[in-house]
Amino acid sequence: MNIAVAQSGGPTCAINASLLGVFSHAVKYDEIDLVYGSVNGIEGLIYDNLVNLFDIITDDEEIELIRQTPSTLLGSCRYKLPAYDKKPEIYEAILRTLRKYDIGAFFYIGGNDSMDTVMKLDRHFKENGIDIKVIGIPKTIDNDLPETDHTPGFGSAAKYVATSIQEITRDSSVYSIASVTIVEIMGRDTGWLTASSAILHANGEISPHLIYLPEKPFSIKQFIEDIREAQKKHYAVIVAVSEGISLSEEDIGEAFQSGNVDNFGHKYLSGVGKALEKIVAKELKCKVRSIELNVMQRCSSHLSSKRDITEAERIAGAAVKVALDGHSGKMMIFKRVANRPYNVKIEFVDVEKVANRVKYFPNEWINEAGNGVTKEAIEYCLPLIQGEQNFHMLNGIPKQYVLKCALPRDVGSHEP
Ligand code: F6P
């Protein structure tokens, strides 16, 4: 049989390593002939946009470059698979493509929304006696998938966040004047990535002095009080704030976010740092700057965690064996066995336990004041950011893999 793999949701530094994991393990099994990549996630199966990965990945140097290249080699999507009774033609289109290419297993690398696709496809296939295995491979910088200790992509993003805040701290502390620097960090519903800024404390840094996560209600009044308090000890106050904190309209006066939503109904966030900057400037009348780490935190592969990249490849490779063993409707997970020395096991769970669910940052790892995290959070993050990749460089810049051919992106005449 042949197999297919696709990448879905927000990009990370490790999602191409997961693609390689599927590819390089598949070639070891006699049962598997060709490995296809579905372009733009599940949309590639709907529109018959597949590429033979043997045409794209041709030698070892390319494999090494793909490993150090962020974002998704095959493109991505934020596509919500409708229920079968709402749009049977979508399922028929997917099945047509899978049959056309003789695909016996489909691997979907993504987050909680993508696991919804894995769940729906697997159910449909099982209910109709279709023998095609569907396996989810976890990925997200948000680290918010239930059941797994952590998600590939998070460790690299965390390493970037902590490093950047360290650099911002040095830069922001040069003048002998009071200043506040607010760093906005991604994480739609959860504060895992924002909390990772506290890794700096393990290196003896005091910054970030204040950390705010979406898991705790946010009050502007308390925020200003917290900064006033911090200013008694530090003339340059550094604040890490999650893009997902909720500000009431009353707090911000006017809307600062676009209000637009993606296919899953998730709001496009970003802008919270700027809104807080304006409020702090007005209230405290000191120098204030907001910095949105934005997409850099998920594509800065020059600072990726080697452990993250290695694990992303391993967990995806293990998924191939799980499908060949006859399983379907599963998502691969990490189970942390020990912290020192760090050790994880790779297992799998029913995808129902993950699809559309969110793993929040533990309440007990947030300090009582709701403006910082405990040492348990730091201990949790530390092993995930370890190691650096040995980069291939070109003219002083890390070399990245760029496709030599255009990907098929035909969306046909119909709208799914
Ligand atoms: O995939 C997760 C994530 O990176 C979130 O942290 C962020 O809010 C969101 O994606 C951004 O989505 P998009 O890439 O569609 O702008």
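Indexing begins at 1, ligand by ligand and atom by atom, following the structure's order.
The closest heavy-atom contact to atom 8 (O) of ligand 1, among the options Met186, Glu243, Arg298, comes from Glu243. Among Gln297, Arg78, Arg188, Lys139, the residue whose heavy atom lies closest to atom 12 (O) of ligand 1 is Arg78.
With a heavy-atom cut-off of 4.0 Å, Leu193 does not touch ligand 1 at all.
Ligand 1 lies less than 4.0 angstrom from a heavy atom belonging to Gly187.
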>> Determine whether Lys159 and Glu388 satisfy the following criterion, salt bridge (charged side-chain N to carboxylate O under 4.0 Å, His left out), listing intermediate values before the conclusion.
In response: CA-CA 10 Å; Lys159 190 175 180 109; Glu388 291 76 41; 2.7 Å; yes

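How far CZ of Phe154 is from CG of Leu384: 6.5 Å, rounded to the nearest 0.5 Å.
Residue pairs meeting the ring-ring contact (aromatic ring centres under 6.0 Å, His included) criterion with at least one partner in residues 369-388, sequence neighbours excluded, are Trp192-Tyr380, Trp365-Tyr380. The list of ring-ring contact (aromatic ring centres under 6.0 Å, His included) pairs with a residue in residues 339-360, not counting sequence neighbours, reads His327-Phe348.
Atoms of ligand 1 lying under 4.0 Å from any heavy atom of Gly10, numbered from 1 in the order shown and given with element: 1 (O).
Considering both main-chain and side-chain atoms, Asp142 comes within under 3.5 Å of ligand 1 through a nitrogen or oxygen pair.
Residues Glu205 and Asn203 bring no donor and acceptor atom of their side chains to less than 3.5 Å of each other.
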